[in-house]
Peer 1: 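One structure is given below, represented as structure tokens, and several questions about it will come after.
Within every chain, numbering begins at 1; the chains are lettered A, B, ... in the order of the sequence lines, protein sequences first and strands thereafter.
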Protein chains: 2
Amino acid sequence: MMTRDSKQRRAILEVLKGTNSHPTADWIYEQVRKKIPNISLGTVYRNLKVLKEEGKILELDFAGTVSRFDGNITPHQHFKCEQCGRIFDVDEPLRQRTAERVALKMGVKVFNHLLEFRGLCQHCQPQASPADKQETRL
Amino acid sequence: MMTRDSKQRRAILEVLKGTNSHPTADWIYEQVRKKIPNISLGTVYRNLKVLKEEGKILELDFAGTVSRFDGNITPHQHFKCEQCGRIFDVDEPLRQRTAERVALKMGVKVFNHLLEFRGLCQHCQPQASPADKQETRL
DNA sequence: ATAAATGCAAAACTTTTGCACCCGA
DNA sequence: TCGGGTGCAAAAGTTTTGCATTTAT
């Protein structure tokens, strides 16, 4: 299948490359709508699929039900806050060595790897310091 | 909220502990139904949520749209085949050191970490050996 | 007794798809 | 022109929820 060009596809990729958040399809849709008001959500999904297959973007599956996408396709790591759900990039390069070892040991081909840390982000940590009382966060 | 006991919850946990696959809610539902035929899917979801909050199971978000659950709550690694979607356990322990370094550097609390490798599993690899012709898998 | 848990069904969401029309190569 | 791309709306699939009833403590 020959993939063709379209302003919709270009706009979607542009949005994704222009953020370091890890947006959902719906968020991307809203952003692109600012430039192309009558774009449809179906088109966004179709293009995300194509872009993913072309290796231009990454689909993350971290956030429970909704998929998130990442314009950064180099192997990298994430931290996910279990409370607020935000996803942060982590600068902690994983050695390529490990991927090779896994490939050899299991007889598989490894294209990519993602490391996910889970916990509580700075914002969501219960602050118990007696001096400066803060708003209580459950 | 005081959590109470129920045979449904016990059965769900039992199913999850008794497999090393990474089943979807629906698969768990079908298994439990063999013992408790009139259990409802809603109950399965509600219990998976409770068990997850109690830290007794893990929710994986690897598989695109559907959530998968894991009865193995020790930090461990997965390999996901991008073709057939199967998820395999990988025996490649990640050093606790790394998690500590991340926690310190980012000011977060790390409860868990998951490493996901992506690629093609043995079964899905294009086999080009000229001697033994195999069924062609796209 | 009382509050949590359940079954059922409806609702809410996310993602996919069929179809007629449009547009890029 | 021709086949891929689009918008629209319907459909499919997963997960959540309201409510009356049951059940564990």
Side-chain angles (χ1 to χ4, degrees), chain A residues 1-16 21-54 56-70 80 82-83 85 87, chain B residues 1-16 21-54 56-70 80 82-83 85 87:
Chain A
M1 186 181 101
M2 254 306 263
T3 100
R4 197 173 286 182
D5 199 21
S6 79
K7 67 173 184 223
Q8 288 87 344
R9 182 165 306 164
R10 239 175 296 123
I12 289 167
L13 186 55
E14 205 171 279
V15 164
L16 214 31
S21 75
H22 308 82
T24 61
D26 199 64
W27 186 88
I28 296 167
Y29 172 58
E30 290 303 338
Q31 295 311 111
V32 176
R33 219 131 80 98
K34 291 176 184 167
K35 288 200 156 181
I36 310 175
N38 69 328
I39 192 175
S40 80
L41 187 53
T43 295
V44 173
Y45 275 106
R46 271 185 293 235
N47 277 303
L48 288 172
K49 192 176 180 189
V50 171
L51 290 168
K52 182 177 63 172
E53 282 165 3
E54 292 177 343
K56 292 181 178 166
I57 65 171
L58 231 46
E59 179 171 12
L60 312 175
D61 317 278
F62 291 144
T65 312
V66 285
S67 277
R68 288 170 177 277
F69 298 86
D70 196 333
K80 176 190 175 190
E82 301 208 306
Q83 181 142 327
I87 296 172
Chain B
M1 183 182 104
M2 254 299 267
T3 100
R4 199 173 284 183
D5 199 21
S6 80
K7 67 173 184 223
Q8 287 86 344
R9 184 166 304 163
R10 239 174 298 124
I12 289 167
L13 186 55
E14 206 171 279
V15 163
L16 214 32
S21 75
H22 308 82
T24 62
D26 198 65
W27 186 89
I28 296 168
Y29 172 57
E30 291 302 339
Q31 295 310 112
V32 176
R33 218 131 79 98
K34 292 176 182 168
K35 286 199 159 183
I36 310 174
N38 70 327
I39 193 176
S40 81
L41 188 52
T43 295
V44 172
Y45 274 105
R46 271 185 294 234
N47 277 302
L48 287 171
K49 192 177 181 187
V50 171
L51 289 169
K52 181 177 64 176
E53 280 164 6
E54 290 177 346
K56 292 182 180 166
I57 65 171
L58 232 46
E59 180 172 11
L60 311 176
D61 319 277
F62 291 145
T65 313
V66 285
S67 277
R68 288 170 177 276
F69 298 87
D70 197 333
K80 176 189 174 191
E82 301 206 307
Q83 181 142 328
I87 297 171

Peer 1: Would you kindly give the CG-to-C1' distance between A:N38 and C:dC22, to the nearest whole Å?
Peer 2: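 Value for this atom pair: 12 Å.
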Peer 1: To the closest 0.5 Å, what do you measure between CG (B:L48) and NZ (B:K56)?
Peer 2: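 Reported value, rounded in 0.5 Å steps: 13.0 Å.
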Peer 1: Taking atom C1' of D:dT23 as reference, at what distance in whole Å does atom CZ of B:R9 sit?
Peer 2: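 After rounding, the gap between these two atoms is 13 Å.
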Peer 1: On the nucleotide C:dT6, are OP1 or OP2 found under 4.0 Å from the side-chain N or O atoms that B:N47 carries?
Peer 2: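 Yes, B:N47 has a side-chain N/O under 4.0 Å of OP1/OP2 on C:dT6.
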Peer 1: D:dG7, OP1 or OP2 - any side-chain N/O from A:Q8 closer than 4.0 Å?
Peer 2: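 It does, given that an N or O in the side chain of A:Q8 lies less than 4.0 Å from OP1 or OP2 of D:dG7.
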Peer 1: Could you check how far CD1 of B:I36 sits from P of D:dT23, rounded to whole Å?
Peer 2: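 Nearest whole value for this atom pair: 12 Å.
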Peer 1: Could you grab the distance from atom CD of A:E14 to atom CD of A:Q31, nearest 0.5 Å is fine?
Peer 2: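 It is 12.0 Å, given to the nearest 0.5 Å.
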Peer 1: Hey, does the side chain of A:T24 come within less than 4.0 Å of C:dT14's phosphate (OP1/OP2), counting only N and O?
Peer 2: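 False: A:T24 side-chain N/O out of range (4.0 Å or more) of C:dT14 OP1/OP2.
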Peer 1: More 5' along DNA chain D: B:A25 or B:S6, using each one's nearest nucleotide?
Peer 2: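 On the 5' side of the pair lies B:A25.
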Peer 1: Do A:Q8 and A:I36 have side chains that approach each other closer than 4.5 Å (heavy atoms only, starting at C-beta)?
Peer 2: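 When only atoms from C-beta onward are counted, A:I36 and A:Q8 do touch, with a gap below 4.5 Å.
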Peer 1: Of all the choices, C:dG7, C:dA5, D:dG5, which nucleotide is nearest to the side chain of A:T3 once you look at every atom?
Peer 2: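 From the listed options, D:dG5 comes nearest.
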Peer 1: Would you say A:T3 and A:E53 make side-chain contact, with heavy atoms under 4.5 Å?
Peer 2: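 No, side chains not in contact.
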Peer 1: Mind checking whether B:E30 and B:R33 have side chains closer than 4.5 Å, heavy atoms only?
Peer 2: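 B:E30 vs B:R33: side chains touch.
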Peer 1: Rounded to whole Å, how long is the line connecting atom NZ of A:K7 with atom C1' of C:dC22?
Peer 2: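 Distance check: A:K7 NZ to C:dC22 C1' gives 11 Å.
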Peer 1: For C:dA5, does OP1 or OP2 lie under 4.0 Å from any side-chain N or O of B:T43?
Peer 2: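 No.
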Peer 1: Separation of A:L48 atom CG from D:dT6 atom P, in whole Å?
Peer 2: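 After rounding, the gap between these two atoms is 11 Å.
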Peer 1: Rounded to whole Å, how long is the line connecting atom OH of B:Y29 with atom P of D:dG13?
Peer 2: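 Roughly 16 Å, once rounded to whole Å.
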Peer 1: May I ask you to say what A:I39 touches in the nucleic acid, namely base, sugar-phosphate or nothing, with a heavy-atom cut-off under 4.0 Å?
Peer 2: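 Result for A:I39 = sugar-phosphate.
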Peer 1: Does A:Y45 put a side-chain nitrogen or oxygen below 4.0 Å from OP1 or OP2 of C:dT16?
Peer 2: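 No, outside the criterion.
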Peer 1: Need one value for A:D26: base, sugar-phosphate or nothing, where a base atom within 4.0 Å counts as base even if backbone is also close, heavy atoms only.
Peer 2: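 Touches nothing.
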Peer 1: Tell me: CG of B:L41 to P of D:dT16, nearest whole Å?
Peer 2: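 Taking atom P of D:dT16 as the reference, CG of B:L41 is at 10 Å.
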Peer 1: For the pair made of NZ in A:K49 and C1' in D:dT6, what is the distance, rounded to whole Å?
Peer 2: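 Those two atoms, NZ and C1', are 16 Å apart.
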Peer 1: Could I get a table of every N or O pair under 3.5 Å where one atom is in the protein and the other is in nucleotides 18-21 of chain D?
Peer 2:
| unit_1 | atom_1 | unit_2 | atom_2 | d |
| --- | --- | --- | --- | --- |
| D:dG18 | O6 | B:R46 | NH1 | 3.4 |

Peer 1: Look up atom CD1 in A:I28 and atom CD1 in A:I57, then write down how far apart they are to the nearest 0.5 Å.
Peer 2: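 Here the rounded value is 6.5 Å.
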Peer 1: Would the distance check show the side chain of B:R9 and the main-chain N or O of B:R4 forming a donor-acceptor pair, the cut-off being under 3.5 Å?
Peer 2: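 Confirmed, B:R9 side chain pairs with B:R4 backbone.
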